[in-house]
Each structure stands twice: as structure tokens, then as C-alpha cells.
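To keep things clear, I will list the structure first and then write my remarks on it.
Proteins get letters first, then strands, A, B, ... in listed order; numbering begins at 1 in each.
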Protein chains: 2
Amino acid sequence: MSDIPKIFSALSDPTRFAIVERLMNEGELPAGALQAGFDISAPAISRHLSVLNGAGVVNRRVNRQQRLYSVRPEIMQDICSWTMTHREFWESSLMRLEAALVEEMNKK
Amino acid sequence: MSDIPKIFSALSDPTRFAIVERLMNEGELPAGALQAGFDISAPAISRHLSVLNGAGVVNRRVNRQQRLYSVRPEIMQDICSWTMTHREFWESSLMRLEAALVEEMNKK
DNA sequence: CCACAATTTAACATTTACATTAAATAAAGT
DNA sequence: ACTTTATTTAATGTAAATGTTAAATTGTGG
């Protein structure tokens, strides 16, 4: 299994989170296209991309003088799977909360 | 919707991640019980719990001189929901990857 | 009220994260 | 070869995170 805290660390920065969302919505993009839209320097974006790559969140591909980045879908599946391993906990907890709310309503 | 990067930030620390997993498996626990098992000082654990609480990941409840902590199930649901909003992206991507693998197999 | 137990806050040191500007690298086009 | 384009690496400063020990807080019980 993959290192979930490391993935979360990569996604904990708002800029990196936005980059990943953009890549999922728009597909593979070069570093330059990602810089546009973030009020931040090119080296800063490059570092963020390097962090994402280091955590296995994105892939890097070279095409001419561009570096194209894309989200590794396995990472999203890993996060989803992690929530699922605790699904019994949170689904039953939420049901108890809902039941407690209904109780409250009936009392008043 | 909730602040996913903030939740990820809270869960990016290995100690905090382990605390949250323990709380989900064992249920509500006092700070002291959480300290045991982590080779770290009580104030450090207290700070980690405060960070988790600040991000809305855990709830704090007072009972006698103990502070009891538990995971807020909504947070797990929020993370799960976030992956689901991008499900089309990652499921189709994974299918393409699998198809490409099958192609490779057939060639050889 | 005093002592104990559980936990947090304060003060401090150290490491890590993130931004910037300037310089380096890589690939193409002229 | 020289210039332009795209991106990264280096050097540096500053802010934030994390750990420690010591002191303060909060609640129980003699």
C-alpha cells in the first residue's frame, strides 16, 4: 500500500491542491500552462510540481522543451480505498448522529 | 463544503495520522491513552490533538479530568466525497492503463 | 485547603517548507 | 553558433511546524 500521509502532505498546500484539481479537470498540462493562473513565480510552481512528483501524485513526461504533468489515477484510488477501509466506522457513526438528531426533533 | 487541504494538512503528519487511525479503530480515547504507544512527550501529543481539532478532524469532550477525543465521521465522508467528484477522471484513467497493459501482453 | 492526576500553555531551539531572484540547463528555430 | 523558449537548480531569507522541559490549569479526593 502507498504512503497516505505523504500523499496528504503533497495535497495539503492550497496551490498544489489547485494544480492537481486543474490537471484532473483539464488533463495533462505543461508547467508553463500551470503557472498561468497562479500568482506565483515559475520556480515556485516547478518546486510544487517536484513535490507532487516525489509523492507519486503526478507523472512527468518530456515533449520537446516542455515538461508535461498529469495526475496518477492510482493516487486518487488509494485515497478512496483508505476511506473505505474505515467505512464501517464513519458510516455507522453518521447514522448514529442522524438518529440522535431525529430524537432531538421529536423531543421538541 | 469543507476545507480539504486543511484536513489533508492535519493528516499529513505520521503521528497525527496514526492517532486518527487508532481513534477510528478503538473509538473515543483520552489524551493520556493516546500518548502511550507514541514515543513522544505529552505536550507534543496535546499539540497534535489541538491541530486535529482545529482542522475539524476530531472532537473533544471533557469527562472529569480527562479530555476525550474522537474522530468526526463527517471528515472521512468529506474526503471520500472529494475523490468521488473526480471519480470519472480516475476510473477512466485506470481503465485506459489496464487496456494499455493488455495490449502490451498481446504484443509479446 | 492541599496533594494528586490529567492535560494544556509558555518559552525556546531546531528543522522544514515556501517564496524570491539570479543563474544554469535543455531543446528548437534563425 | 546565437537567440529564444521552457523549465529547473542554486542561493537566500523568512515563516511555520515540531519537539523538549518547565510552569500553569483543571478537576478529584483526602
Side-chain angles (χ1 to χ4, degrees), chain A residues 2-23 26-72 75, chain B residues 2-23 26-72 75:
Chain A
S2 55
D3 190 347
I4 303 286
K6 192 166 188 180
I7 294 171
F8 284 169
S9 177
L11 294 171
S12 69
D13 180 272
T15 302
R16 287 196 293 268
F17 186 80
I19 287 173
V20 168
E21 291 227 294
R22 256 189 85 188
L23 289 175
E26 303 176 30
E28 192 181 46
L29 286 174
L34 286 167
Q35 193 202 338
F38 295 108
D39 190 20
I40 203 178
S41 67
I45 290 287
S46 178
R47 256 224 134 117
H48 282 308
L49 289 168
S50 161
V51 170
L52 288 169
N53 191 55
V57 175
V58 302
N59 265 324
R60 190 214 310 252
R61 189 168 71 83
V62 178
N63 177 268
R64 315 187 70 142
Q65 61 267 72
Q66 295 183 322
R67 309 298 134 94
L68 295 158
Y69 289 90
S70 56
V71 174
R72 281 190 53 220
I75 260 56
Chain B
S2 54
D3 190 348
I4 303 286
K6 192 166 187 180
I7 295 170
F8 284 169
S9 177
L11 294 171
S12 69
D13 179 272
T15 302
R16 287 196 294 267
F17 186 80
I19 287 173
V20 168
E21 291 227 295
R22 257 190 84 189
L23 288 175
E26 303 176 30
E28 192 180 47
L29 286 174
L34 286 166
Q35 193 202 339
F38 295 108
D39 189 19
I40 203 178
S41 67
I45 290 287
S46 179
R47 269 265 271 300
H48 281 309
L49 289 169
S50 160
V51 170
L52 288 168
N53 191 54
V57 175
V58 302
N59 265 325
R60 191 214 309 250
R61 190 168 71 82
V62 178
N63 177 270
R64 316 186 68 143
Q65 58 265 77
Q66 295 183 323
R67 310 297 134 95
L68 295 157
Y69 290 90
S70 55
V71 173
R72 281 191 51 218
I75 260 58

Classify the angle between the aromatic ring planes of A:Phe8 and B:Phe17 as parallel (below 30°), tilted (30 to 60°) or perpendicular (above 60°).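 The arrangement is perpendicular - the two ring planes meet at more than 60°.
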
Residues which pass side chain to side chain donor-acceptor pair (under 3.5 Å) with [X], listed by chain and number, not counting sequence neighbours:
X: B:Arg22; value: B:Glu26
X: B:Gln35; value: none
X: B:Ser41; value: none

Whole-Å distance separating the [atom1] atom of [X] from the [atom2] atom of [N]:
X: A:Gln66; N: C:dA28; atom1: CD; atom2: P; answer: 11 Å
X: A:Arg47; N: D:dT12; atom1: CZ; atom2: P; answer: 14 Å
X: A:Arg61; N: D:dA6; atom1: CZ; atom2: C1'; answer: 15 Å
X: B:His48; N: C:dT8; atom1: NE2; atom2: P; answer: 13 Å
X: A:Ile45; N: C:dT21; atom1: CD1; atom2: P; answer: 14 Å

Contact between B:Ile4 and A:Leu11 at the side-chain level, heavy atoms closer than 4.5 Å - yes or no?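 No, side chains not in contact.
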
Minimum heavy-atom separation for [X] to [Y], with atom names?
X: A:Ile45; Y: A:Ala31; value: CG2-O, 4.2 Å
X: B:Ser9; Y: B:Ser12; value: O-OG, 2.7 Å
X: A:Ala18; Y: A:Phe38; value: CB-CE2, 3.5 Å

Restricting to side chain to side chain contact (heavy atoms under 4.5 Å, CB included), what partner residues turn up for A:Ala33, sequence neighbours left out?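 If we apply the side chain to side chain contact (heavy atoms under 4.5 Å, CB included) test to A:Ala33, skipping adjacent residues, the hits are A:Leu29, A:Pro30.
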
Which parts of nucleotides 23-30 of chain D does protein reach within less than 4.0 Å, heavy atoms only, written one letter per nucleotide 5' to 3' as B for base, S for sugar-phosphate only and - for none? ----BSS-

List in chain and number order the residues that pass salt bridge (charged side-chain N to carboxylate O under 4.0 Å, His left out) with B:Arg47, two or more places apart in sequence or in another chain; answer none if no residue qualifies.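 With neighbours one apart ignored, the set is empty.
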
Kindly write out the residues that satisfy salt bridge (charged side-chain N to carboxylate O under 4.0 Å, His left out) with A:Arg67, not counting sequence neighbours, or none if the list is empty.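 By the salt bridge (charged side-chain N to carboxylate O under 4.0 Å, His left out) rule, A:Arg67 matches no residue at all.
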
Side-chain donor-acceptor pairs of residues 54-66 of chain B under 3.5 Å, sequence neighbours excluded:
{"from": "B:Arg60", "atom 1": "NH1", "to": "B:Tyr69", "atom 2": "OH", "distance (Å)": "3.2"}
{"from": "B:Arg61", "atom 1": "NE", "to": "B:Glu28", "atom 2": "OE2", "distance (Å)": "2.7"}
{"from": "B:Arg61", "atom 1": "NH2", "to": "B:Glu28", "atom 2": "OE1", "distance (Å)": "2.9"}
{"from": "B:Arg61", "atom 1": "NH2", "to": "B:Glu28", "atom 2": "OE2", "distance (Å)": "3.3"}

For DNA chain C, find the residues of residues 5-22 of chain B with a heavy-atom distance under 4.0 Å and give them by number; none if there aren't any.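 None - not one residue of the stretch has a heavy atom sitting under 4.0 Å from the strand.
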
Could you check which residues of residues 28-42 of chain A get a heavy atom under 4.0 Å from DNA chain C? Sort them by number, please.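 Of all residues in residues 28-42 of chain A, the ones placing a heavy atom under 4.0 Å from DNA chain C are A:Ile40, A:Ser41.
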
Does any residue of residues 52-60 of chain B have a heavy atom under 4.0 Å from DNA chain D, and if so, which ones, in number order?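 Result for residues 52-60 of chain B: none.
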
Is the phosphate of C:dA6, meaning OP1 or OP2, less than 4.0 Å from a side-chain N or O of B:Tyr69?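 For C:dA6, OP1/OP2 do not have a side-chain N/O of B:Tyr69 under 4.0 Å.
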
Which residue pairs pass the salt bridge (charged side-chain N to carboxylate O under 4.0 Å, His left out) test when at least one of the two sits in residues 2-20 of chain A, sequence neighbours left out?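 Qualifying pairs: none.
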
